[in-house]
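Keep in mind it's a predicted model, so treat the numbers as computed, not measured. Numbered from 1 within each chain, the chains take letters A, B, ... in sequence-line order.
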Amino acid sequence: MTGKDLPAELSELYRKAFLIREAELRLLELFTQGKVNGTIHTCVGQEFTGLAVASALQDGDLVFSNHRGHGHFIAVTSDLDGLVAEVTGKASGVCKGRGGSQHLHKDGFYSNGVQGGTAPVAAGMALALKLKGSKSIAVAFIGDGTLGEGAVYEALNIAAKWSLPLLVVVENNLYSQSTPQAQTLAGGILERAAAFNIPASSSTTADPAGLAKAACEAVEAVRSSRAPRLLKVDTYRLKAHSKGDDDRDPAEVRQAWDRDPLSLFSKSDSRKASEFAKKANEAVEASVAKAAAAADPAPAPARVEPVRRSRAWKPLDLSSDKTLVSLINEALARNMARDPRLVLLGEDLADPYGGAFKATKGLSTRFPGRVFNTPISESAIVGLSNGLALQGYLPVAEIMFGDFLTLAADQIINHASKFRYMYGDSVKVPLVIRTPMGGRRGYGATHSQCLEKHFLGVPDTELMALHARLDPGPFYDALLQGLDKPVIVIEDKLLYGSRLSKPVPAGFVWEADDSPVPTTRLRPAAAPDLTILAYGGMVPFAEAAAERLFDEHDLAAEVIAPVRLYPFDPGPLVESVSGSRRLLTAEEGVGFAGFGAEAASQLAELGVTDFQLKRLACSPHPVPSAASLEKVALPGTDHIVSACLEFHYGE
Amino acid sequence: MANDPLLVPVPKENVNDETVRLAAWKSGDRSKVSAGDVVAELETSKAIIEVLSPAAGFLRHAASEGSVLPVGGPLCWITEAADAPLPLSQAGPQACPSSPSASGSRFSKAAMDLISKHRLDKAAFSGKGMVRESDVLAHLGKRGKTAVEASAAHLKGLSVTREDLPGRKLAEIASLSQGQNAGLSSLVCLPCPLEGYTKSLSRHPEISATPLALIVSAAGRLLKAHPALNAFYEDGTLCLYDSAHVGFVIDADRGLAVPVVRDADKKDLKAVARDMQDLMLSYEEGELSVEAVSNGTFTVTDLSAEGVVFFHPLINQRQAAILGIAAPRGDAFDLILSFDHRVTEGRAAARFLRDLRDRLIAA
């Protein structure tokens with residue numbers, strides 16, 4: 001083929017391919033010069049994949065790319081300046097220098113450096129498009145190496161089952177970093193799609209014209225069928241996975257260079273190739289010069305709020321005698337009626353079952369199309385929620401047992417909590433994950449845990465724990481009306497069946513402070529001799545212990561029960577412990593490096609150092625099933641009373 | 001005979017609910033129902049469930065609609081007649097109280113103890129949400145002429161350190177105080193020849209570990225012949241015990257205790273000694289049961305090991321006498337009997353001691 005008979009569209013693809021090639025080679029050079037902080041992954045040799053797909057996309061289409069995403073980014077956004085500035089860490093970068101090479105976002109383009117988890121997020125964006133009735137589609141770029149990740153299959157399954165407009169492009173470059181495909185991939189790639197009844201096609205970067213046609217057909221098929229497709233693109237990475245880590249046979253790499261479409265094009269049409277190369281060089285040098293002149297990014301301002309030393313307290317309204325689960329159900333219904341963006345995702349949520357704990361009973365009937373019964377795919381539940389949240393929805397996901405939150409940890413820690421900051425504050429991830437934790441039901445080691453400490457302190461992800469004395473109605477109303485970030489809400493299993501109206505021990509009063517997410521406290525009428533810090537499922541036990549400590553031991557205990565554990569407002573605890581000088585922290589999970597340790601440290605940092613401290617937590621082994629063992633392992637009223645008496649009478 | 005009312009408890013439907021709400025009665029109170037009829041609808045945290053009548057009869061409501069009931073508690077009864085009586089303790093609705101908070105003060109146990117000790121009116125603390133020991137003490141401090149103040153006046157100019165007495169001592173005071181019969185106790189004392197006594201002991205090597213068993217056993221057997229000493233005085237009457245349970249005082253590392261040898265009059269010496277060994281072992285292990293120290297009818301206390309040659313034992317409550325054993329002085333040691341003069345006299349008490357001495361040297 002010569003330049004003369006090259007169609008205009010194809011010529012444009014070559015022009016952009018030269019630009020991407022030039023940009024990445026220049027970035028490698030900048031890396032060598034120490035001007036790139038961290039490594040980069042180039043797509044040298046694979047440029048036509050992104051270009052072919054992008055050429056078929058329309059405004060409004062969404063793309064989720066990966067660690068090797070420079071080519072995709074340029075192909076989709078044409079923002080060379082933004083990319084070079086981002087990779088070289090400048091304020092003018094598309095993500096203000098926070099994301100870097102692997103974490104790019106502009107308009108409808110997103111990328112993340114973790115393998116696999118992007119597939120459910122892209123599926124969630126496709127679900128958002130479907131819910132909006134849009135004609136747009138979502139595209140996920142993954143590699144053959146990504147096929148080792150389970151999250152991909154969760155996404156394929158749901159995309160097929162729910163008929164989501166998602167195109168999955170598998171760049172088959174035959175290597176997972178350094179490991180050849182022969183060692184990692186069983187079965188075929190197209191056969192994987194077939195297993196989900198997802199139509200699939202195949203093409204290669206060795207044939208840019210054919211690839212452009214295949215990509216166009218795939219994009220249009222998704223657009224018209226409103227259903228997923230998979231496009232496998234055979235290709236080869238001409239450079240190392242990253243930098244200087246290439247163990248492939250040099251002969252194999254040399255042969256690939258010989259087949260490189262840009263090398264072949266330079267041979268067949270050297271005049272046009274020189275022209276494209278020159279233009280590319282000029283553009284890249286201009287971008288590099290601009291980036292070099294740009295300012296370094298300013299650190300995000302510290303968002304530490306001063307600890308309020310005084311606050312107004314008012315009694316909690318404990319008049320409702322409905323079960324807490326029905327109050328949660330009503331709150332979800334109320335907010336779904338108020339805000340059409342609110343959707344529910346999780347296992348077994350729809351009627352007639354209505355959720356394992358019945359929190360969503362009736363909602364699928366009342367709000368058709370907004371309650372999604374998912375497969376058993378926790379990663380996809382949160383991943384889809386992430387995609388929905390990025391596209392303006394308010395997903396409320398339910399993880400049936402808190403123990404299974406670990407299966408969604410990647411989506412919470414590497415996706416939901418990262419997007420806002422690493423995309424330069426250009427997105428929000430309004431997302432609620434509700435999940436019950438706690439034992440005392442004999443469910444054993446994997447259905448009884450309190451794992452909150454593993455999710456405490458994830459930046460930008462708030463963690464809250466409901467308890468049996470807090471009305472979940474106003475709590476969820478406030479949360480869902482002001483939602484702009486991921487929030488994990490722990491709903492202790494025992495609280496579902498309890499009622500606010502259970503009599504409060506005489507002499508005590510339950511109060512809440514005036515914070516948006518309140519701290520609650522059980523205040524004795526007498527000056528407290530000691531403070532018990534408890535939250536979630538421990539609160540009823542702390543209340544019973546306070547009652548017994550007074551009746552039997554003449555000791556007045558104040559229970560401080562924060563609802564938001566992260567970020568933690570230590571003010572009420574400071575106030576209480578400053579007076580009582582004795583603090584018992586009670587948590588149902590394992591105590592090492594737990595919430596009690598954190599709270600006590602914060603007290604000390606705030607200058608409250610003259611106090612006795614005891615930490616109560618579960619025994620450091622899995623939660624046993626036998627009732628007798630569970631009673632010993634999980635801290636209850638007896639444990640709290642004994643620990644408090646030790647303050648006064650020694651051990 | 002009519003069958004008892006059949007109790008239908010609130011069923012446990014799932015592991016999450018400790019209470020359920022009675023959504024509706026499906027049959028009226030005292031209405032006729034057949035087995036398998038739906039009688040009530042309950043709202044659990046997960047679902048509305050129906051409760052079926054387990055039998056034919058008349059439905060008797062135990063709660064009203066809308067109330068919150070504890071799982072396992074009574075829901076209703078099925079009775080044979082519409083007006084059959086219901087179990088008294090169960091009659092009436094058993095709903096959980098649903099008022100948010102009981103009003104009124106909360107008293108700690110320590111506060112209540114002080115209040116009853118000083119016969120205070122709890123109303124004196126109304127308006128105070130929680131009342132603890134320190135509040136009661138403060139209240140006592142404010143009252144006019146109180147015992148505490150009077151005693152403080154008595155101690156004026158003297159410095160004292162007050163220490164709480166252990167509960168054990170308080171119980172002992174209570175027991176002995178009641179035994180002190182308004183000062184009408186008396187004392188008799190009789191020497192017992194040491195030689196005869198030690199010979200007796202040498203004839204019974206089986207009790208060498210607990211030589212006191214010889215005295216406990218002899219005294220126990222003698223009580224039948226001296227019933228007034230195995231008795232107590234109450235409201236103008238003499239109350240005679242049918243059994244002779246002899247307590248013996250132990251006062252070692254674990255404090256004062258008076259374990260009791262049951263039916264000491266009916267047991268042979270060896271059995272008495274074995275009982276005493278068991279009781280002493282329990283004492284040393286801190287496992288003396290309440291039963292083991294209860295219902296003594298007569299007591300023996302031995303201070304001979306301390307070298308005490310004379311002392312005044314205090315009579316326990318609901319007993320008439322206590323026998324003290326002193327250390328030898330010369331070739332004899334004293335048997336001391338402290339007794340309640342309201343139930344017997346010195347001569348009778350002396351006769352008991354004589355009989356006892358004779359048995360001890362001839363055993």
>> Check this for me: A:E330, atom CD, are more than 12 non-hydrogen atoms of other residues, nucleotides or ligands nearer than 6.0 Å?
In response: yes
State, to 0.1 Å, how close [X] and [Y] come at their nearest heavy-atom pair, and which atoms those are.
| X | Y | result |
| --- | --- | --- |
| A:F550 | B:F107 | CE2-C, 3.7 Å |
| A:A525 | B:G129 | CB-CA, 3.6 Å |
| A:R499 | B:V68 | NE-CG1, 3.2 Å |

> So does B:R132 pair up with A:D529, basic N to acidic O under 4.0 Å?
Replying inline: yes
> Hey, is the main chain of B:S108 close enough, under 3.5 Å, to the side chain of A:D554 for a donor-acceptor pair?
Replying inline: no
>> Donor-acceptor check, side chain of B:R21 to backbone of A:D321, threshold 3.5 angstrom: yes or no?
In response: yes
> What is the distance from atom CZ of A:R523 to atom CE of B:M130, rounded to the nearest 0.5 Å?
Replying inline: 11.5 Å
> Can you tell me how far the NZ atom of B:K109 sits from the CZ atom of A:R548, to the nearest 0.5 Å?
Replying inline: 14.0 Å
>> Heavy-atom cut-off 4.5 Å, strictly under: side chain, backbone, both or neither for A:A356 against chain B?
In response: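 Looking at A:A356, just its backbone touches chain B.
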> Based on non-hydrogen pairs under 4.5 Å, which of A:R441, A:K361, A:E552 is most in contact with chain B?
Replying inline: A:R441
